[in-house]
Amino acid sequence: MEIGSTPVPRVAVVVFLLKGKTVLLGRRRSARACHATFALPGGHLEFGESFEECAVREVKEETGLEIDGTEFLTVTNNVFAQEPSPSHYVTIFMRAVLADDGEHVPQNLEPDKCFGWDWYDWDNLPSPLFWPLEKMVLSGFNPFPSQR
Ligand SMILES: Nc1nc2c([nH]c(=O)n2[C@H]2C[C@H](O)[C@@H](COP(=O)(O)OP(=O)(O)OP(=O)(O)O)O2)c(=O)[nH]1
Ligand SMILES: [Mg+2]
């Protein structure tokens, strides 16, 4: 994104929505290099929003699902230098679970941005993953609460 002619970093909030041993992923539909890669639901932090509010709003807008127990996991700094127009995101990763009383089947509410949502086993993730997510997985990151 640019303000005037100066590119600036933007803040994104994305969500590991956990169900059993699975996570919700959608295949991106985009003119950018990430086209057809599997990514988490999420989007841009809006002015005045908390990370939790943004996570709840983005998951609802993109999938129709209501989430609960939203909590911060980690943050990454991602520079997308190769894109048609370069972009830079500080990406906040949250985790959440489905709300008890809500719908459990994801809908593809933004079909211009996504081919569809589904649950994928953490031990058998689809490929290709969106590279920021791929990088986290390769580093050994695990979004599930540790068992004690
Ligand atoms: N959706 C998503 N975005 C991610 C992930 N990892 C990561 O760094 N990002 C960064 C790069 C994306 O361009 C940025 C914003 O997310 P997005 O591309 O889905 O944005 P969006 O169109 O849904 O945003 P919005 O305008 O609806 O708010 O977040 C991820 O796993 N999923
Ligand atoms: Mg999105």
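Numbering of ligands and ligand atoms starts at 1, following listing order. These numbers come from a predicted model, not from an experiment.
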(request) Mind listing the closest non-hydrogen atom pair of F115 and R28 along with its distance? (result) CE1-O, 3.5 Å
(message) Out of all atoms in ligand 1, which are within 4.0 Å of some heavy atom of E62? Include the element for each.
(response) 23 (O)
(request) Write out the residue and atom name of the closest protein heavy atom to atom 27 (O) of ligand 1, then the distance separating them to 0.1 Å. (result) K113 NZ, 3.1 Å
(message) Starting from V59, can I reach F130 by hopping between I/L/V/M/F/W/Y residues whose side chains sit under 4.5 Å apart?
(response) no
(message) Looking only at distances, can you tell me whether any N or O atom of G42, backbone or side chain, sits closer than 3.5 Å to an N or O atom of ligand 1?
(response) yes
(message) Counting only nitrogen or oxygen atoms and a 3.5 angstrom limit, does L40 reach ligand 1?
(response) yes
(request) Please report which non-hydrogen protein atom sits nearest to atom 16 (O) of ligand 1, along with the residue it belongs to and the distance in Å to one decimal place. (result) G43 CA, 3.7 Å
(request) Please list, in chain and residue-number order, the protein N/O/S atoms closer than 2.8 Å to the Mg ion (ligand 2). (result) G42 O, E62 OE2
(message) Regarding R57 and E53, does a basic nitrogen lie under 4.0 Å from an acidic carboxylate oxygen?
(response) no
(message) Within a 6.0 Å radius of atom NZ on K21, are there more than 12 heavy atoms belonging to other residues, nucleotides or ligands?
(response) no
(request) Flag yes if L18 and L24 sit in one hydrophobic cluster, no otherwise; membership is Ile, Leu, Val, Met, Phe, Trp, Tyr, and two members link when side-chain heavy atoms are under 4.5 Å apart. (result) no
(request) Look at the side-chain heavy atoms of Ile, Leu, Val, Met, Phe, Trp and Tyr, link any pair under 4.5 Å apart, and say whether Y120 and F144 land in one connected group. (result) yes
(message) For atom 3 (N) of ligand 1, what's the nearest protein heavy-atom neighbour? Residue, atom name and distance, please.
(response) V14 CG1, 3.4 Å
(message) Is there a path of hydrophobic side-chain contacts, each under 4.5 Å between heavy atoms of I/L/V/M/F/W/Y residues, joining W119 to L40?
(response) no
(message) Looking at ligand 1, would E58 count as a contact under a 4.0 Å heavy-atom criterion?
(response) yes
(message) Nearest 0.5 Å, please: how far is OG1 in T76 from CZ in F93?
(response) 4.0 Å
(message) Check this for me - ligand 1, E61, N or O atoms closer than 3.5 angstrom, yes or no?
(response) no
(request) Please report the closest heavy-atom contact between L98 and E103, naming both atoms and the distance. (result) CD2-O, 4.1 Å
(request) Identify which of T91, N78, D112, V90 has a heavy atom lying nearest to atom 10 (C) of ligand 1. (result) T91
(request) May I ask you to decide if the ring planes of W131 and F80 are parallel, tilted or perpendicular, using 30° and 60° as cut-offs? (result) tilted
(message) Minimum distance, heavy atoms only, to atom 30 (C) of ligand 1: which one of Y89, F80, F16, F130 is it?
(response) F130
(request) Group every Ile, Leu, Val, Met, Phe, Trp and Tyr by side-chain heavy-atom contacts under 4.5 Å, then state whether L73 and L129 land in the same group. (result) yes
(request) State whether the side chain of E58 and the backbone N or O of V14 hold a donor-acceptor pair below 3.5 Å, judged by distance alone. (result) no
(request) Among all protein heavy atoms, pick out the one at the shortest distance from atom 29 (O) of ligand 1; state its residue, atom name and that distance to 0.1 Å. (result) A12 CB, 3.0 Å
(request) Identify, for atom 26 (O) of ligand 1, the protein heavy atom at the shortest distance, and state residue, atom and that distance. (result) H44 ND1, 3.2 Å
(request) Do me a favour and list the nearest non-hydrogen protein atom to atom 18 (O) of ligand 1 with residue, atom name and distance? (result) R28 NH2, 2.7 Å
